[in-house]
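Report on one structure; see the data block that follows.
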Amino acid sequence: MTALHSAVVARLGGDFLAGAFGRTYRVMPGDTEDVAGVITWGDLNEIVARHRLEPPRLRLSTGGETVPLDTYSVREVTRRRTVWNRLHPAPLHAELAAGASLVVDAIDELHPGVEALATELEAHLRTRVQVNLYASWTSREGFGVHWDDHDVVVVQVDGSKRWKLYGPTRTAPLHRDTTAPEPPPEDPVAEFVLTPGDMLYLPRGWWHSVSASEGERSLHLTCGLSVDTGADLIVWLSEVLRDHEIVRADLPRFRSAKEQMNTASELRDLLVRELSDPNIINQYFTLRDENQRARFRTSLPHVDGLPADPALSVRMLTTRHDLRRNAEGHPVLTAGGETFTFAEAAHPLLWILTDRRPHALGNLASASGLTVEQAAGVAWELVKKQVAAVDGDR
């Protein structure tokens with residue numbers, strides 16, 4: 001874990017989960033050293049230059065409106081008649097200088113340092129994380145006063161950004177909701193400036209506005225956190241309870257009112273019984289963790305097995321895996337929706353891999369008393385199920 005990742009996790013420790021998470025905002029001061037190397041302007045230049053990024057993946061926004069793509073790009077037609085929009089640096093720079101903000105969605109999929117930050121947050125907060133990048137140069141607000149339907153952890157990387165928070169006007173609003181939040185108050189309840197290394201946690205539903213109003217450019221990362229709500233629990237229960245005939249049966253649309261009431265009563269009793277289980281929420285989270293989707297990564301050129309190369313490194317891709325022993329004492333690994341049962345000799349190897357760092361097959365073999373061939377075999381079982389991946393090849 002780099003200094004940045006250590007700083008992030010440390011500042012989200014202590015009383016954060018009990019005192020702020022899901023409840024209120026929190027500003028966590030830091031310094032430039034905390035964010036050194038996570039991502040740079042040079043990295044951003046390379047990403048923009050080497051990827052065909054178009055809206056909504058890459059976009060410009062000003063005053064809450066998306067800037068039309070054709071104002072800063074040129075249409076290209078390949079010899080195979082594929083049409084795409086190539087960014088044109090001069091008008092792009094002009095739009096940014098005039099007050100537009102640059103956004104790159106899911107930059108954790110494009111930059112290893114940001115991906116590492118996202119995976120550490122996922123492991124600590126036990127939730128899916130997507131990181132968006134925001135760059136701006138003027139005091140003009142790129143998105144106006146708005147609220148997000150997910151919690152965010154903001155990391156200021158370079159420059160400074162002024163934040164105005166107006167608080168929530170609807171408790172825990174959802175993307176798919178029955179009522180929109182009321183407009184925010186005219187005056188903010190908090191106003192502050194984030195400088196390099198500072199962090200901000202903001203729960204969903206909090207109205208806010210952001211601008212680079214301090215006379216300098218700004219580069220920050222917004223880490224969006226997936227939330228689990230009562231609605232998610234109920235949807236999950238509807239899947240689990242399909243084992244019961246009453247859940248699978250047709251609703252009695254054309255039958256008597258008494259029959260309809262009896263059906264509703266049976267469904268109610270079943271739901272009450274399930275929701276009365278004191279472990280129901282933990283069961284939900286356990287199953288969600290076990291079925292966590294791993295971040296996509298191929299292991300080329302290895303497509304049908306791993307060679308017995310002691311220098312070849314592998315690492316786990318999941319962040320919420322579980323390693324335990326079954327009744328017979330064998331190690332059982334649950335990750336990415338898969339369950340693997342191994343011989344006892346593999347336990348030390350699996351234990352090492354669960355730290356999510358790259359490990360050479362030779363080191364894994366030595367630590368577990370296996371041959372390199374055996375270590376490669378265990379690792380391949382995880383690689384072919386997209387639970388682990390080769391971490392580079394010579």
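Between His146 and Phe143, the ring planes lie tilted relative to each other; the angle falls in the 30° to 60° range. Ring-plane geometry between Trp147 and Trp207 is classed as perpendicular, the angle between the planes exceeding 60 degrees on a 0 to 90 degree scale with a lower cut at 30. Ring-plane geometry between Tyr134 and His220 is classed as parallel, the angle between the planes falling under 30 degrees on a 0 to 90 degree scale with a further cut at 60.
Put simply, the side chain of Arg59 gets close to the backbone of Pro56: a donor and an acceptor are under 3.5 Å apart. Between the His93 side chain and the Ala90 main chain, no donor and acceptor come within less than 3.5 Å of each other. Without hydrogens or angle criteria, Ser73 side chain to Leu87 main chain gives no donor-acceptor distance under 3.5 Å. Judged purely by atom type and a 3.5 angstrom limit, Arg162 has no side-chain atom pairing as donor or acceptor with the backbone of Ser139. The main-chain N or O of Ser256 is found under 3.5 Å from a side-chain atom of Glu259 such that the two form a donor-acceptor pair. With Asp289 contributing its side chain and Gln292 its backbone, the two residues share no donor-acceptor pair below 3.5 Å. A donor-acceptor pair under 3.5 Å links the side-chain atoms of Glu54 to the main chain of Asn85, judged by distance alone. With hydrogens and angles disregarded, a donor-acceptor distance shorter than 3.5 Å links the side chain of Asn291 to the backbone of Leu287. The main-chain N or O of Asp43 is found under 3.5 Å from a side-chain atom of Thr40 such that the two form a donor-acceptor pair. In this structure a side-chain-to-backbone donor-acceptor pair under 3.5 Å is missing from Asp148 to His150.
Contact of the Ile280 side chain with the Trp236 side chain is registered, since non-hydrogen atoms from C-beta on lie closer than 4.5 Å. Side-chain contact between Thr71 and Leu92 is absent, with no heavy atoms from C-beta onward closer than 4.5 Å. Counting heavy atoms from C-beta on, the side chains of Leu44 and Val104 come closer than 4.5 Å. Using a 4.5 Å heavy-atom cutoff, the side chains of Phe342 and Val332 are not in contact. A heavy-atom distance below 4.5 Å is found between the side chains of Ile39 and Val157. A 4.5 Å side-chain heavy-atom check between Leu270 and His244 finds at least one atom pair inside the cut-off. Using a 4.5 Å cut-off on side-chain heavy atoms (C-beta onward), Leu353 and Val314 make contact.
Counting only residues at least two apart or on different chains, the side-chain hydrogen bond (donor to acceptor under 3.5 Å, both in side chains) pairs with a member in residues 271-283 are Asp277-Gln283.
The neighbour count for Arg170 CZ, taken as heavy atoms of other residues, nucleotides or ligands under 6.0 Å away, is above 12. Heavy atoms of other residues, nucleotides or ligands lying less than 6.0 angstrom from CD of Glu245 number 12 at most. For Gln260, the CD atom counts as densely surrounded, since its 6.0 Å shell holds more than 12 non-hydrogen atoms of other residues, nucleotides or ligands. In the displayed structure, Trp351 atom CH2 is contacted under 6.0 Å by at most 12 heavy atoms of other residues, nucleotides or ligands. Within a 6.0 Å radius of CZ in Arg248, other residues, nucleotides and ligands contribute more than 12 heavy atoms.
Annotation: the span from Ser218 atom OG to Gln156 atom CD amounts to 4.0 Å, rounded to 0.5 Å. Here the straight-line distance linking atom CZ of Arg295 with atom CD of Gln386 works out to 12.0 Å at 0.5 Å rounding. For the atom pair CZ of Arg52 and OG1 of Thr82, the computed distance is 8.0 Å after rounding to the nearest 0.5 Å. Separation of atoms CG (Asp198) and CZ (Arg11) is listed at 7.0 Å; rounding is to 0.5 Å. Separating the CZ atom in Arg23 from the CG atom in Asp151 is a distance of 11.5 Å, to the nearest 0.5 Å. Note: Ser368 OG to Ile352 CD1 = 7.0 Å, rounded to the nearest 0.5 Å.
In the hydrophobic clustering of ILVMFWY residues, with side-chain heavy atoms under 4.5 Å counting as a link, Leu370 and Phe340 come out together. Residues Val48 and Val131 share a single hydrophobic cluster, defined by chaining ILVMFWY side chains whose heavy atoms lie under 4.5 Å apart. There is a path of hydrophobic side-chain contacts, each under 4.5 Å, that joins Leu17 to Met199. Under the 4.5 Å side-chain heavy-atom criterion for grouping Ile, Leu, Val, Met, Phe, Trp and Tyr, Leu194 is connected to Trp206 within one hydrophobic cluster. In terms of hydrophobic clustering, with Ile, Leu, Val, Met, Phe, Trp and Tyr side chains grouped at heavy-atom distances under 4.5 Å, Val129 and Met28 are assigned to a common cluster.
A salt bridge links Asp15 to Arg26: one of the charged nitrogens lies within less than 4.0 Å of a carboxylate oxygen. Salt bridge Arg75/Asp70: absent, no basic N to carboxylate O contact under 4.0 Å. In summary, Glu122 and Arg320 do not engage in a salt bridge, as defined by a charged side-chain N under 4.0 Å from a carboxylate O. Lys384 and Glu338 are not joined by a salt bridge, as no carboxylate oxygen comes within less than 4.0 angstrom of a charged side-chain nitrogen.
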_Leu237 and Ile234: CA distance, side-chain angles, deciding distance, side-chain contact (heavy atoms from CB on, under 4.5 Å) verdict_ = CA-CA 5 Å; Leu237 270 178; Ile234 291 170; 5.5 Å; no

*Test salt bridge (Lys or Arg N to Asp or Glu O under 4.0 Å) on Glu115 and Arg297 and set out the steps.*
CA-CA 12 Å; Glu115 180 189 32; Arg297 183 177 295 274; 3.0 Å; yes

_What verdict does the side-chain contact (heavy atoms from CB on, under 4.5 Å) test give for Leu110 and His51, after you've listed the backbone C-alpha separation in whole Å, the side-chain angles of each residue and the deciding distance to 0.1 Å?_
CA-CA 9 Å; Leu110 303 173; His51 296 271; 3.9 Å; yes

*Check the pair Ser211 / Trp163 against side-chain contact (heavy atoms from CB on, under 4.5 Å), numbers first and verdict last.*
CA-CA 7 Å; Ser211 64; Trp163 288 73; over 6 Å; no

*Start with the C-alpha distance between Thr66 and Leu60, add both sets of side-chain angles, then the distance that settles side-chain contact (heavy atoms from CB on, under 4.5 Å), and finish with yes or no.*
CA-CA 6 Å; Thr66 300; Leu60 302 187; over 6 Å; no

Distance-only check: which donor-acceptor pairs under 3.5 Å involve side-chain atoms of residues 322-329, not counting sequence neighbours?
unit_1	atom_1	unit_2	atom_2	d
Asp322	OD2	Arg324	NH1	2.5
Arg324	NH1	Thr334	OG1	3.3
Arg325	NH1	Gly329	O	3.1
Arg325	NH1	Glu344	OE1	2.3
Arg325	NH1	Glu344	OE2	3.2
Arg325	NH2	Glu344	OE2	3.4
Asn326	OD1	Glu328	N	3.0
Asn326	OD1	Gly329	N	3.0
Asn326	OD1	His330	N	2.8

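Shown are Thr222, Asp105, Asp108; of these, the side chain to side chain donor-acceptor pair (under 3.5 Å) with Asn132 is made only by Asp105. The residue from Arg357, Arg356, Arg315 that alone fulfils the salt bridge (charged side-chain N to carboxylate O under 4.0 Å, His left out) condition with Asp391 is Arg315.
By the 6.0 Å and 45° rule, Arg217 does not stack over the aromatic ring of Trp137.
Between Tyr201 and Tyr25, the ring center distance fails the sub-6.0 Å criterion.
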